[in-house]
Amino acid sequence: MTADFRATSPPRSPALPPHRPLPGYYARGQNKSGFLKDIFDRTACDYERVERVMALGTGRWYRRQALLRAGLNAGMNVLDVAAGTGMVAREAVTIVGNSGRVIGLDPSGGMLAELLGHLSIPVLRGTGERLPFADASFDFLSMGYALRHLSDVSAALREFRRVLRPGGTVCLLEITAPQGKIGRAMLRGYLRGLVPCLTRLAARNADSHRLWQYYWETIDACIPPARVLDAMRDAGFDAAQRHAELGVFSEYTGRRK
């Protein structure tokens with residue numbers, strides 16, 4: 001049963017979209033969730049193959065290190081939001097061990113089917129803005145590279161705080177475009193140009209290259225790190241901070257007060 005969180009969440013703040021509408025992919029802002037569900041369902045079979053190409057084989061190592069930096073330990077009860085094919089959840093399982101538990105949540109049935117093909121954990125379909133869990137259910141909440149896919153960052157952060165126990169940790173992994181023109185142009189050329197081209201060669205679904213083009217558009221348009229940190233504080237997270245690797249890989253962490 002979904003808990004009523006009105007009494008335990010901070011006061012509501014205005015909706016905070018992670019980026020402006022992108023009409024080249026969906027006609028109106030309210031169609032974003034439908035577009036994402038459809039394209040993730042169709043491209044789930046290619047997702048990990050393309051990700052390995054994009055990350056040059058370092059993705060698994062990096063995710064594990066990021067979770068450890070955020071304080072994930074053995075025995076913790078973890079919710080992985082926007083779990084996708086389970087790339088973050090897989091590393092969390094190895095860290096928490098048999099004494100812990102990891103639950104995956106994602107709106108895409110196709111992605112969850114891929115996850116269950118190689119990882120035996122409980123999964124549910126749902127969105128970050130409305131989590132189907134009781135208050136104070138988890139010690140740790142992770143979300144990998146999906147902040148840009150939310151419809152309302154503020155609403156999701158309120159939900160993340162609600163389901164965390166006091167002192168619990170949130171860890172949000174994201175790709176952030178560099179501020180400098182040269183760095184931004186290099187990342188654009190890689191994510192908007194090279195990766196989609198490689199995807200055409202490696203993918204089985206014709207929509208996979210479009211998904212990775214869309215990735216760059218959302219990265220380019222995403223709200224800046226300072227705004228993400230402000231939203232975390234507004235949602236009731238203490239010690240909100242950003243750690244950046246190579247100036248591109250952002251790790252946002254905070255603790256529930």
Side-chain angles (χ1 to χ4, degrees), residues 13-48 50-51 53-55 81-85 87 105-111 125-130 143-157 159 172-200 203 205-232 242 247-250 252:
S13 53
L16 177 62
H19 58 77
R20 65 181 183 275
L22 299 172
Y25 297 92
Y26 44 86
R28 299 182 303 277
Q30 61 264 38
N31 290 334
K32 175 183 174 180
S33 60
F35 163 77
L36 287 173
K37 180 182 177 300
D38 288 345
I39 199 166
F40 277 120
D41 280 347
R42 293 195 300 270
T43 62
C45 61
D46 293 326
Y47 194 82
E48 290 208 26
V50 177
E51 192 279 337
V53 172
M54 184 186 77
V81 177
T85 60
M87 288 186 282
L105 178 133
D106 198 281
S108 167
M111 286 289 194
R125 289 182 63 176
T127 66
E129 292 87 348
R130 191 167 184 82
M143 185 172 70
Y145 310 109
L147 182 145
R148 294 167 286 114
H149 303 325
L150 296 169
S151 61
D152 184 348
V153 174
S154 293
L157 288 170
E159 277 290 85
L172 312 177
L173 307 182
E174 194 48 84
I175 299 176
T176 303
Q179 293 300 304
K181 291 183 179 180
I182 295 176
R184 200 177 194 96
M186 291 176 63
L187 186 63
R188 182 186 189 280
Y190 184 64
L191 292 179
R192 184 67 171 80
L194 182 58
V195 170
C197 286
L198 294 174
T199 301
R200 287 183 183 272
N205 188 284
D207 286 324
S208 289
H209 80 282
R210 188 165 185 250
L211 173 62
W212 293 95
Q213 289 177 331
Y214 175 77
Y215 258 48
W216 165 253
E217 302 295 344
T218 59
I219 291 167
D220 189 40
C222 191
I223 57 176
R227 188 67 189 90
V228 176
L229 292 172
D230 285 344
M232 292 177 69
R242 174 192 178 230
V248 173
F249 298 99
S250 294
Y252 298 100

Which is it for Lys37 and Arg125 under the side-chain contact (heavy atoms from CB on, under 4.5 Å) test, yes or no, and what are the steps along the way?
CA-CA 11 Å; Lys37 180 182 177 300; Arg125 289 182 63 176; 2.9 Å; yes

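Note: Asp207 CG to Asp38 CG = 9.5 Å, rounded to the nearest 0.5 Å. Atom OG1 in Thr218 sits 8.5 Å away from atom CG in Leu36 (nearest 0.5 Å). Separating the CZ atom in Phe40 from the OG1 atom in Thr85 is a distance of 10.0 Å, to the nearest 0.5 Å. Considering CG of Asp152 and CG of Leu157, their distance stands at 9.0 Å, rounded to 0.5 Å. One distance of note links OG1 of Thr176 with CG of Asp220; it measures 12.0 Å at 0.5 Å rounding. Between atom CG of residue Leu191 and atom CD of residue Glu217 there is a gap of 11.0 Å, rounded to the nearest 0.5 Å.
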Please set out all donor-acceptor pairs under 3.5 angstrom arising from side-chain atoms of residues 17-25, sequence neighbours excluded.
residue, atom, partner, partner atom, Å
His19, NE2, Lys32, NZ, 3.2
His19, NE2, Arg148, O, 3.2

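Residues Pro178 and Val248 come closest through the heavy atom pair CG-CG2, 4.1 Å. Nearest heavy atom pair, residue Tyr47 against residue Met87, reads CE2-CE, 3.3 Å. Of all heavy-atom pairs spanning Ser108 and Asp41, the tightest one is OG-OD1, 2.6 Å. The nearest pair of heavy atoms linking Leu187 to Ala177 is CD2-CA, 4.0 Å. Heavy atoms only, all atoms of each residue included: Pro107 and Thr127 are closest at CB-CG2, 4.1 Å. Leu16 approaches Ala231 most closely through the heavy-atom pair CD2-CB, 3.8 Å.
When atom types are taken as modelled, the side chain of Asn205 and the backbone of Thr43 share no donor-acceptor pair closer than 3.5 angstrom.
When side chains are defined from C-beta on, His149 does not count as touching Met143, because their heavy atoms never get closer than 4.5 Å. Side-chain contact between Leu173 and Phe249: absent, with no pair of heavy atoms (C-beta onward) separated by less than 4.5 Å.
Taking the six-membered ring where tryptophan is involved, the planes of Phe35 and Tyr214 are perpendicular, since the angle between them exceeds 60° and thus also 30°.
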